[in-house]
S.K.: 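Once you've had a glance at the structure underneath, I'll fire off some questions.
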Amino acid sequence: VDASRAVPHLSPRSLPSRCSTLIVGAGLAGLEVARRLDEQGCSDVAVLEAGPAADLRHVNATSDPVQALRKWLEPATDPWFRRPWRSRTEPHYAGGSGLRQRLGGRSLYWYGITLPLEPWALRAPWWPAPVVHDLCRSWQSGPGLYARTSEELGWRDARAEEESPATCSIAGLHLRPTPRAIRRINGDRDRWYAYSPLDHWRDPVTGESRQDASGVSIHTLARVLSLVVADGRVRGARVESPGRAPALIRCDRAVLAGGTIENSRLIIQALHTAGELREARLGGLADHIVQGVFTRLDQRRAGRVLESLGLGSFYAPLPETRSNLFLDIQPARGGEMVLELQLTGEQVRSDASYVECVPSDRLAWDVAVTSRPSREDRALIAAQQELLREAWAALSALWGGRTSGLEFADYEHPRRTNAFILPESIRATRAGEPAPWANSLGTEDHEGGTLALGERLDEHGELSSLPGGFVVGPSTFPRLGAANPSLTTLALARRLAIHLTGA
Ligand SMILES: Cc1cc2nc3c(=O)[nH]c(=O)nc-3n(C[C@H](O)[C@H](O)[C@H](O)COP(=O)(O)OP(=O)(O)OC[C@H]3O[C@@H](n4cnc5c(N)ncnc54)[C@H](O)[C@@H]3O)c2cc1C
């Protein structure tokens, strides 16, 4: 599908010289703001996306499951993978850590897991009380944003509903089907797509346009190099397009939605230049700490597991460990099964993890990321490993396997990452043998926390020291909690859009 021909208004040829609202980045957060502004009838909105309008469909709609998985876990196979920063603390924020630089961003890759942040993460003093109220209790005199957004996404994993039992139990834990905003294409279990705000403009199955016009213009191959600040306000942005000199676009306000590291770069440049930030860095960077264990089960062992558990994806919240446990049981070739246990836990925001720029005369400054697990994080890593050992013992008892001896490597030097789930690695293991793994920080694609609501931003996401500059996406989270971030990202993007329209 030639995206620019199928949906011409999503990729107009020339950049405007001014607009009312300029949105930087056309991924999950930026496009959700644009979509909601469009629904409100706003007409002077320009979205700038550094990447091209490539095929506008989700990778699991256009690729078979192994290819799609490979694009994520072996990013060299994805032509749109970019990492516009360097890591000072590899393996963190290196390897698979990066952006998917194309119209749609990571909304064309995500798995649709939509969980609200937990009450223990949302409590004072971290998240501002009005935000928590709007998310959890009531927004605009109706249900809260979590309830509205979940209901609108309202898509459960069709296969989970058809084939899985409602709950399952292991090691005394009750697991429920994982809510996922995905739809299968023509009932095919291997082809599906997750929600993208692009669904507002184009058909997620064919990639074709759904409407002739939109009050929002989306400009691709347009990278924002820096914000333009005058008289203490954001007044515009300098934008680079291939083969052209950087252009100036004036605006009344800019909404930064370029992902956590790019948002941080743009704000560091603006605040440091304005004398509002002494060191060219923002702390508080955090990602989820994720560890797990895979195993391949032959037909005989798989059969024994299926006597007690069903196929599907399940989860259980574990507040004491600030983590969620996920259990995934999927069929594989020849009657085999792949079983995966995973814990996703909160990394605590701290100034020891930060995004840093090198000030220069260039319009876009170089960026470096420093991140390591803190002492508190290391305690969580150890607690997760203990829990995984217990859960693994309970699971392997189901097929009469070895219930002890689950050995984890040092988190700083993982022997295996989640890329081990690729078929060639899994096939190389002995059936029933556990393969423990851990993700390095920044590779879970949940990075956030550098521009927290209620700290540098007011409760709507506007920079207190730079009016006219707004931020959306996980970078604005004052605490990450254990939940995957996108339900909160979508809810807050909608909240911001309505705030901007004054509705
Ligand atoms: C394989 C995969 C599975 C995932 N599964 C889940 C899940 O199940 N549940 C969940 O909650 N989350 C999931 N995530 C994470 C989720 O996708 C991200 O948290 C989310 O997409 C972040 O949204 P964003 O808009 O901040 O960034 P992005 O979606 O990355 O969008 C940023 C966009 O901005 C553009 N950009 C950056 N800088 C500039 C600039 N200077 N000028 C112009 N454009 C710029 C980029 O090219 C990109 O298109 C998953 C991610 C991946 C990769």
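What you see is a predicted model; the values in this text were computed from it and never measured. These values consider heavy atoms only, across backbone and side chains, with no hydrogens, waters or symmetry-generated copies. Ligands are counted one by one from 1 in listed order, and the atoms in each one are counted from 1 as well.
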S.K.: Please work out, at 4.0 Å between heavy atoms, whether the side chain, the backbone, both, or neither of Trp72 comes within that distance of ligand 1.
M.R.: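 Looking at Trp72 and ligand 1, just side chain atoms fall under 4.0 Å.
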S.K.: If you count the atoms of ligand 1 from 1 in the order shown, which ones are under 4.0 Å from a heavy atom of Ala29?
M.R.: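 Numbered from 1, ligand 1 contributes 25 (O).
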S.K.: What do the steps show when you test Leu453 against Val471 for side chain to side chain contact (heavy atoms under 4.5 Å, CB included), and what is the final call?
M.R.: CA-CA 9 Å; Leu453 293 167; Val471 189; over 6 Å; no
S.K.: Quick one: nearest non-hydrogen protein atom to atom 9 (N) of ligand 1, plus distance?
M.R.: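 Of the protein heavy atoms, Ile113 O, 2.9 Å lies nearest.
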S.K.: Is Glu32 close enough to touch ligand 1? Criterion: a residue heavy atom under 4.0 Å from a ligand atom.
M.R.: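 It does not, in that no heavy atom of Glu32 comes within the 4.0 Å cut-off of ligand 1.
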S.K.: Is the centre of the Trp127 ring less than 6.0 Å from the centre of the Phe477 ring?
M.R.: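 Distance test on ring centres: under 6.0 Å, yes.
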S.K.: Considering non-hydrogen atoms of the protein only, which is the closest contact for atom 5 (N) of ligand 1, and what is the distance?
M.R.: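 Residue, atom and distance for the closest contact: Tyr111 N, 3.0 Å.
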S.K.: Could you tell me whether Arg102 approaches ligand 1 through its side chain, its backbone, both or neither, with non-hydrogen atoms closer than 4.0 Å?
M.R.: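 The answer is the backbone of Arg102.
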S.K.: Under a 4.0 angstrom heavy-atom cut-off, which atoms of ligand 1 come close to Pro474?
M.R.: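 Those atoms are 26 (O).
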S.K.: Going by the closest heavy atom to atom 38 (N) of ligand 1, which one wins out of Glu262, His288, Glu240?
M.R.: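 That would be Glu262.
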S.K.: So if I count the atoms of ligand 1 from 1 in the order they appear, which ones are less than 4.0 Å from some heavy atom of Asn484?
M.R.: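 Listed by number with element, the hits are 9 (N), 10 (C), 11 (O).
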S.K.: Less than 4.0 angstrom from a charged side-chain N to a carboxylate O is my criterion; do Glu208 and Arg57 meet it?
M.R.: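 No, no charged N to carboxylate O under 4.0 Å.
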S.K.: Short list, please: which atoms of ligand 1 are under 4.0 Å from a heavy atom of Ala257?
M.R.: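 Heavy-atom distances to Ala257 below 4.0 Å select 32 (C), 33 (C), 34 (O).
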S.K.: At less than 4.0 angstrom from any non-hydrogen atom of Val24, what atoms of ligand 1 do you find?
M.R.: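 The list of qualifying atoms is 40 (C), 42 (N).
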S.K.: Salt bridge between Glu152 and Arg494, side-chain N to carboxylate O under 4.0 Å?
M.R.: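 The answer is yes: the pair qualifies as a salt bridge.
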S.K.: List ligand 1 atoms under 4.0 Å from Arg100, heavy atoms only on the residue side.
M.R.: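 Going through ligand 1 atom by atom, the ones under 4.0 Å from Arg100 are 49 (O).
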S.K.: Looking at Asp44 and Cys19, would you say the former's side chain and the latter's main chain have a donor-acceptor pair under 3.5 Å?
M.R.: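 No; judged by distance alone, with no hydrogens or angles, the pair does not exist.
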S.K.: Is the Phe294 ring parallel, tilted or perpendicular to the Trp437 ring (thresholds 30°, 60°)?
M.R.: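 It falls in the parallel class, under 30°.
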S.K.: Ignoring hydrogens, just give me the one of Glu447, Arg223, Arg106 whose non-hydrogen atom is nearest atom 27 (O) of ligand 1.
M.R.: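 Answer by nearest heavy atom: Arg106.
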S.K.: Within less than 4.0 angstrom of ligand 1, does Leu99 place any heavy atom?
M.R.: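 For ligand 1, residue contact (heavy atoms, under 4.0 Å) with Leu99 is present.
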S.K.: Just checking Trp110 against His58, ring centres under 6.0 Å apart?
M.R.: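 So the answer is no for these two rings.
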S.K.: Between Arg70 and Glu424 (salt bridge meaning N to carboxylate O under 4.0 Å), is one present in this structure?
M.R.: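 Looking at Glu424 together with Arg70, the answer is yes, because their closest N to O distance falls below 4.0 Å.
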S.K.: May I ask you to decide whether Glu49 forms a salt bridge with Arg100, counting only side-chain N to carboxylate O separations under 4.0 Å?
M.R.: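 No.
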S.K.: Is the centre of the Trp72 ring less than 6.0 Å from the centre of the Phe81 ring?
M.R.: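 No, ring centres 6.0 Å or more apart.
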S.K.: Which atoms of ligand 1 sit under 4.0 Å from any heavy atom of Leu48?
M.R.: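 Answer, ordered by atom number: 43 (C), 44 (N).
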S.K.: With heavy atoms under 4.0 Å as the rule, classify the contact between Arg82 and ligand 1 as side chain, backbone, both or neither.
M.R.: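 Contact part for Arg82 vs ligand 1: neither.
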S.K.: Please state whether Ala222 comes within less than 4.0 angstrom of ligand 1, counting heavy atoms only.
M.R.: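 For ligand 1, residue contact (heavy atoms, under 4.0 Å) with Ala222 is present.
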S.K.: Closer than 4.0 Å to some heavy atom of Gln101 - which atoms of ligand 1 meet that?
M.R.: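 Within the 4.0 Å cut-off of Gln101, ligand 1 contributes 47 (O).
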S.K.: Counting only heavy atoms, tell me which of Arg180, His446, Glu49, His219 gets closest to atom 35 (C) of ligand 1.
M.R.: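 The nearest heavy atom belongs to Glu49.
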S.K.: Does a salt bridge link Arg253 with Glu462, judged by any charged N lying under 4.0 Å from a carboxylate O?
M.R.: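 Looking at Glu462 together with Arg253, the answer is no, because their closest N to O distance does not fall below 4.0 Å.
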